[in-house]
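Single-structure report; data block below.
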Amino acid sequence: MKTKKTNILILIIVSIILASYAFLEKYLYFINFDEILFALGYSGKGTDMNIVLISILNISINFILIFIVLYTLFYNILIKKKILTKTGKQLYPFNFLNNHRNIFLYIILIISILILFNKAGLYEYIHYNLQESSIIQDNYVDPKEVRIDFKEKRNLIFILVESLETGLFTKEQGGERDYDVIPEMYELLSDEDAVVFYNKNKAQQVNMIEGASWTSASIVSNLSGIPLKMNFKENKRNSKYFMKNVYSIGDLLKDNGYNNEVISGARTSFGKVNEYFYTHGYNIIDADNLNEYGLTMNKNDIGAWGFNDRYLFDIAKKRLDILSNKDEPFNLQLITIDTHFIDGFKGDYTEIKYDTQFDNVYLTTSKLIYEFVNWVKEQDYYDNTTIVIAGDHLNMQSNLFKDKKLDNRYVYYCIINPRTNSAKYNDRIITALDNYPTIVYAIGGDIEGDRLALGVNLFSNQKKKNMILNIFQKN
């Protein structure tokens, strides 16, 4: 009896593992162990409960189905009902399985654990953490030690768009889709004020790298020029100072007289986002503190994670009217959320054109960004304002693309109205790490050596350190 209880416990564990793997395989095409550790240690409150419920429901259904199959197989349910018998004898290999049940249980337990670890990227995590490397020490340029002269101080609007990638372009545009999902985003690449960095064609832009493949990590990479590789002792869970030893673009601009502000559709308590921006000199606006800025949120403004993208841009317009009337230049960071997996957030404003919800959500967010950019262009301060639009990472959902290879998908990136829009700088291979020095230059800062942290000013002729791209490349 004790042996049977142990075996059933193993079957339950195996079923949970396989159910979890099936969920990850269905909804998450790529994931790495760094992200899992970060989520376990630092996610905080603010998670979309729809994702939680879908995850629990999906894993529960998978668990029940898998457990029934395994229990039926290992305890001869079909044999006893004479379904898998012939002339009263058990069919091979079912008789062999029955005679070696305990061995097979442990074998399937080990195999299921190995499969899940492979999906979670544990092997790569262990492999790279066992290797000693001085790549960051050898190539990191401390922004605090670099001479940066602001001959002009242009305003900055940086729109970090959830899961915006060039794979959403049509095949004719260099993407992966058969139809046009984000036409306005492609149109902006040809804007008369736009600068687009690419290699081979306009659709090929930012290479996603390890340490920048989820939102919190992408924020750190784009604004600090380093991948997010957590030091859990340095960044304690209860600490309100996140990445405090990093001198990011927020620190730099604050020291040069800028007003830094971030507006996030998701509650910034999730993933230590609020602690990062707090540590590096930003005022934060999200669903938890709207009243402090004289703002309110009604039921039509509510999104899956806080407030929706439409309300995000409504708030941005109101805040820009205030920030632009101050004596100091402004640095406004906008973080969208509607296009987050699973399937994106559908609001009452979502345009319905395609069969899938995710396509319709992308279509709508594309229009919202385009309308906002054109609104900014009509404002008096536009001539002295640079707009950066960047995806935070590739879309994680497995069923979004027929061709699921990551090596032909790139993160969206476009700079509108920088200090210069000369096309001679366009042919570059880039990562999120390059955004820090590139933005600084685009808004008026001359950087000695054209490098900050691990990034290179893409407007310069400075050669990139290919080893950095190779080490952190997300394959």
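Counting from 1, the numbers follow the sequence of the chain as shown.
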Mind checking what makes side chain to side chain donor-acceptor pair (under 3.5 Å) contact with K317, not counting sequence neighbours? E371
Hydrogens and angles aside, do Y179 and D359 bring a side-chain donor and acceptor to less than 3.5 Å of each other? yes
Residues D338 and N308: side-chain donor-acceptor under 3.5 angstrom: no
Using every non-hydrogen atom in the two residues, find where F158 and A390 come nearest and quote the distance to one decimal. CE1-CB, 3.7 Å
How close do T279 and D251 get, counting heavy atoms only, and between which atoms? O-OD1, 4.0 Å
Do the side chains of D288 and R267 get close enough for a salt bridge, i.e. N-O under 4.0 angstrom? yes
Mind listing the closest non-hydrogen atom pair of S221 and G211 along with its distance? OG-O, 3.1 Å
State, yes or no, whether a side-chain contact exists between N283 and V262 at a heavy-atom distance under 4.5 Å. no
Would Y413 and Y198 count as a close aromatic pair, with their ring centres under 6.0 Å? no
What is the distance from atom CG of L228 to atom OG of S216, rounded to the nearest 0.5 Å? 7.5 Å
Please report the C-alpha distance between L164 and H393 in whole Å, then the side-chain angles of each, then the deciding distance to 0.1 Å, and finally whether the side-chain contact (heavy atoms from CB on, under 4.5 Å) criterion is met. CA-CA 7 Å; L164 184 63; H393 51 72; over 6 Å; no
Salt-bridge contact D149-R147 (side-chain N to carboxylate O under 4.0 Å): yes
From CA spacing to verdict: side-chain contact (heavy atoms from CB on, under 4.5 Å), N417, I387: CA-CA 7 Å; N417 201 32; I387 304 172; 5.9 Å; no
D286 side chain vs S264 backbone, donor-acceptor pair below 3.5 Å: no
Under 3.5 Å, side chain of N260 to main-chain N/O of G281, donor-acceptor pair present? yes
Mark yes when over 12 heavy atoms from residues, nucleotides or ligands other than K254 sit less than 6.0 Å from its NZ; otherwise mark no. no
Calculate, to the nearest 0.5 Å, the distance between atoms CD1 and CZ belonging to I443 and R419 respectively. 10.0 Å
Side chains of L433 and I209 in contact at under 4.5 Å (non-hydrogen atoms): yes
Any side-chain heavy atom of P418 within less than 4.5 Å of one from F459? yes
For E162 and T215, does a side-chain donor sit closer than 3.5 Å to a side-chain acceptor? yes
Could you tell me the separation between the OG1 atom of T336 and the CD1 atom of I159, rounded to the nearest 0.5 Å? 9.0 Å
Candidate list I429, D434, V411, test side-chain contact (heavy atoms from CB on, under 4.5 Å), partner N207, passing option: I429
Looking at OG1 of T420 and CD1 of I415, how far apart are the two atoms once the value is rounded to the nearest 0.5 Å? 11.0 Å
Starting at CD1 of I284, measure out to CD of E275 and round the result to the nearest 0.5 Å. 9.0 Å
List the atom pairs, with distances to 0.1 Å, where a side-chain N or O of residues 180-188 and a protein N or O form a donor-acceptor pair under 3.5 Å, not counting sequence neighbours.
unit_1 : atom_1 : unit_2 : atom_2 : d
E184   : OE1    : S366   : OG     : 2.7
E184   : OE2    : K367   : NZ     : 3.0
E187   : OE2    : Y370   : OH     : 2.6

Do the two ring centres, one from W305 and one from H340, sit under 6.0 Å apart? yes
Looking at every heavy atom in both I285 and N289, which two are closest together, and how far apart are they? CA-OD1, 3.5 Å
Is a side-chain N or O of N222 found less than 3.5 angstrom from the main chain of N435, in a donor-acceptor match? no
We want to know whether Y382 and D193 form a side-chain donor-acceptor pair, criterion being a heavy-atom distance below 3.5 angstrom. yes
Check whether any side-chain N or O of R409 sits under 3.5 Å from a backbone N or O of E165 as a donor-acceptor pair, and report yes or no. no
Can you confirm whether more than 12 heavy atoms, excluding those of E192, are under 6.0 Å from its CD atom? no
Side chains of D450 and N457: donor-acceptor distance under 3.5 Å anywhere? yes
Side chain to side chain donor-acceptor pair (under 3.5 Å) assessment of E328 paired with N259: CA-CA 7 Å; E328 305 84 6; N259 284 314; 3.2 Å; yes
Check the orientation of F313 and F372. Use parallel for under 30°, tilted for 30 to 60°, and perpendicular for over 60°. tilted
Where is the tightest heavy-atom contact between S248 and Y276, given as atom of each residue plus distance? CB-OH, 3.4 Å
Tell me yes or no: between the side chains of T386 and R154, is some donor less than 3.5 Å from an acceptor? yes
Roughly how far, to the nearest 0.5 Å, is CG of L223 from CD1 of I439? 7.0 Å
Any chance you could lay out the side-chain contact (heavy atoms from CB on, under 4.5 Å) test for N360 and K353, step after step, and finish with the verdict? CA-CA 6 Å; N360 291 321; K353 181 178 180 180; 4.0 Å; yes
Please report the shortest heavy-atom distance between L458 and T438, naming the atom on each side. N-OG1, 3.1 Å
Is any NZ, NE, NH1 or NH2 atom of the basic residue among R319 and E261 found under 4.0 Å from an Asp or Glu carboxylate oxygen of the other? yes
Would the number of heavy atoms belonging to other residues, nucleotides or ligands and lying under 6.0 Å from CG of D138 be above 12? yes
Is the number of heavy atoms from other residues, nucleotides or ligands within 6.0 Å of NZ (K153) greater than 12? yes
Does the side chain to side chain donor-acceptor pair (under 3.5 Å) test come out yes or no for N395 and Y362, once each step is laid out? CA-CA 11 Å; N395 190 293; Y362 268 113; 2.8 Å; yes
Taking the side chain as every heavy atom from C-beta outward, state whether Y311 and Y349 have any pair of such atoms under 4.5 Å apart. no
Hits for side chain to side chain contact (heavy atoms under 4.5 Å, CB included) against D327, two or more places apart or cross-chain, chain-then-number order -> none
Are any of the side-chain heavy atoms of W375 and L320 separated by less than 4.5 Å? yes
Side chains of N331 and N155: closer than 4.5 Å at any heavy-atom pair? no
Hey, does V388 have a side-chain heavy atom less than 4.5 Å from the side chain of I157? no
What verdict does the side-chain contact (heavy atoms from CB on, under 4.5 Å) test give for T268 and Y278, after you've listed the backbone C-alpha separation in whole Å, the side-chain angles of each residue and the deciding distance to 0.1 Å? CA-CA 10 Å; T268 57; Y278 172 82; over 6 Å; no
Can a side-chain donor-acceptor contact be found between N274 and Y282 if the only test is distance below 3.5 angstrom? no
Side chains of F169 and E176 in contact at under 4.5 Å (non-hydrogen atoms): no
Parallel, tilted or perpendicular: ring planes of Y258 versus F150, cut at 30 and 60 degrees: tilted
Using modelled atom types and a 3.5 Å cut-off, is there a donor and acceptor pairing between side-chain atoms of Q173 and backbone atoms of T170? yes
